[in-house]
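Below is one structure; the comments refer to it alone.
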Amino acid sequence: MPHKETDPAKDFTGLSELRTALGERSASPSGDAWARLSARLDQAQKPKRRKGLTIPLWAWSAAAALIIGVIFWPKSVVTSKIAEPVMEPLPQVNQTEQPMPTVSSDIPQLKEATPPAPNKSPVDKQRPNFVPNSSNNAPLGELMAWQEGAEEVVSTQLEVEIYRVDAQALTAEIEAEIMLEQARAKKAAIPMATTQVDPYALWLAAEQSIETPKYLPVIDLIKTGYSSIKTAVALQIR
Amino acid sequence: MDALVLEAQQNKRTAQAEIFERLGGKMLGVCRNYIKDWQQAEEVMLDGFFKALTKIDQLKHEGAFEGWLRQIMIRECLSWLRRSKELTADLNIETLYTLGIPAEVESVWTEQTLAQWIDELTPGCKVVFLLYEVEGYKHHEIADLLQISEGASKSQLSKARRALQTLYRESKQENYAT
């Protein structure tokens, strides 16, 4: 419900005069009023003194965003963007194919087979001091050839190291392998058994394989012992 | 005045001084309506001028400068009254208005008469009366400005009118008597 003003004093005589007088009311400020105001304005217009190094807000925001990004960046994205180096498989050392009867006689041969140091290798003589780095603008083919040579040297060194360290174990393995091959050969020489087995024939074969003098004395001893125990029990009862 | 305002927007101190010279007295009168103490009223007036001159570049219509400055003064006065806690306490009181009639009331609208009459009103009545009758605010605007209800604004205005009417009658009677 809208407010209806029923105030009897709403339009009392002199209200309009009072309203006008209050609206046009004026007074003289004190003599130093402008001087005080001017001093405040001068103070406000002075540039604010910088306290140390002022870093703008956008710089703080950028730094914060960078830190958060580094912390929370998913690792999968990072790893997927880094090209993994293609590693060619090293030549496997076929230990069984290389006969090594004794360790002592084999190691010197392997040491002789060790390729010379890279700076003395004939491959390096063909490539004058090539060092693969980002600053070198060598052709790609030369780089790949250098990589293959380096891999060969590394694989050979690895092979020699295996022979040197695990020579004894390797010999034992080779001997075991030889014995296994011999057993396999013997097994192959045995004729294959028939698929049907006769139990009675097996029993007879087993009975024949047991020598008679070995089990008859045992039975005799059991009989004697039984008789003596029976006699002793009868005497006690009496 | 418009040219002065434009120069003041360019931060020319002479123009600012001229504006103060022309409008300082009137703005002090506005502040004096709301604040009883002269010195305090002048301080509030200077605060209002300081705010106006430091933000004068935000004024888009130079012709409305005086009205804009007056609004700033009124808000500064209300802010001071709130800080002094006179206004807040009085606006929430629902007691009947008791106005003592001044001993010496003059029949003409002199500065002293205005001061005596207006200053006799309680702060709440005075502010609502001035905002409504002198500044032309509506009740809902006063309610928003003073954080009170519209009913409270109307009530305060009614009390102020009755008190001033009484004062006016008394002054008339004394006038006739003399």
Side-chain angles (χ1 to χ4, degrees), chain A residues 1-69 72, chain B residues 11 13 16-17 20-21 23-33 38-39 41-43 45-50 53-54 70 107-111 113-115 117-118 126 129-130 132-136 139 150-151 153-155 157-169 171-172:
Chain A
M1 180 178 174
H3 177 76
K4 187 179 179 181
E5 291 199 25
T6 54
D7 190 355
K10 181 184 177 184
D11 294 318
F12 70 91
T13 311
L15 178 61
S16 59
E17 296 173 30
L18 180 62
R19 192 184 294 150
T20 306
L22 286 169
E24 294 177 355
R25 194 177 184 183
S26 182
S28 298
S30 57
D32 63 338
W34 169 246
R36 285 152 56 198
L37 179 60
S38 182
R40 286 178 65 182
L41 290 169
D42 287 339
Q43 190 71 22
Q45 285 175 358
K46 283 182 181 176
K48 291 180 180 177
R49 187 181 289 177
R50 287 185 174 186
K51 293 180 179 178
L53 181 62
T54 304
I55 300 172
L57 182 62
W58 65 264
W60 284 111
S61 305
L66 182 65
I67 292 167
I68 290 168
F72 293 104
Chain B
N11 210 15
R13 191 53 49 85
Q16 293 173 345
F20 184 79
E21 185 71 23
L23 297 176
K26 196 180 277 187
M27 294 305 129
L28 181 58
V30 173
C31 294
R32 180 62 188 84
N33 281 343
W38 270 107
Q39 289 183 343
E42 188 177 89
E43 287 298 321
M45 183 268 289
L46 289 177
D47 288 345
F49 255 105
F50 178 76
L53 292 176
T54 51
R70 194 178 180 96
S107 57
V108 290
W109 297 111
T110 62
E111 170 57 37
T113 311
L114 283 173
W117 284 34
I118 288 296
K126 180 166 67 176
F129 178 81
L130 288 169
Y132 189 90
E133 296 289 357
V134 180
E135 308 299 340
H139 279 300
E150 282 192 47
S153 175
K154 289 170 184 173
S155 172
L157 178 66
S158 178
K159 288 172 190 173
R161 279 175 179 165
R162 263 186 250 129
L164 290 170
Q165 186 183 32
T166 306
L167 286 171
Y168 184 78
R169 283 177 187 165
S171 67
K172 281 273 187 184

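Order of the sequence lines fixes the chain letters, A, B, ..., with proteins taken first and strands second; residue numbering starts at 1 for each chain.
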B:Gln16 and A:Leu37: side-chain contact (heavy atoms from CB on, under 4.5 Å), yes or no, with the steps? CA-CA 10 Å; B:Gln16 293 173 345; A:Leu37 179 60; over 6 Å; no
Can you list the steps and then say if B:Glu21 with A:Trp34 is a side-chain contact (heavy atoms from CB on, under 4.5 Å)? CA-CA 8 Å; B:Glu21 185 71 23; A:Trp34 169 246; over 6 Å; no
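Heavy atoms of B:Glu150 lying under 4.5 Å from chain A are absent altogether. Heavy-atom distances place both the backbone and the side chain of B:Phe50 under 4.5 Å from chain A. Within the 4.5 angstrom heavy-atom criterion, no atom of A:Thr20 approaches chain B. Neither the backbone nor the side chain of B:Met27 comes within contact range of chain A; no heavy atom of the residue lies under 4.5 Å from a heavy atom of that chain.
B:Leu130 CG to A:Arg19 CZ: the interatomic distance, rounded to the nearest 0.5 Å, is 11.5 Å. Distance check: A:Arg40 CZ to B:Leu53 CG gives 10.5 Å after rounding to the nearest 0.5 Å. A distance of 5.0 Å separates CG of B:Asn33 from CG of A:Leu22, quoted to the nearest 0.5 Å. Atom NZ in B:Lys26 sits 14.5 Å away from atom CZ in A:Arg25 (nearest 0.5 Å).
Ranked by heavy-atom pairs shorter than 4.5 Å toward chain A, the options B:Glu43, B:Met45, B:Glu135 are led by B:Glu43. The candidate from B:Gly29, B:Gly24, B:Gly25 with the greatest count of non-hydrogen atom pairs under 4.5 Å with chain A is B:Gly25.
Minimum heavy-atom separation, A:Gly23 to B:Arg70: O-NH2, 3.4 Å.
A donor-acceptor pair under 3.5 Å is formed between the side chain of B:Glu42 and the backbone N or O of A:Ser30.
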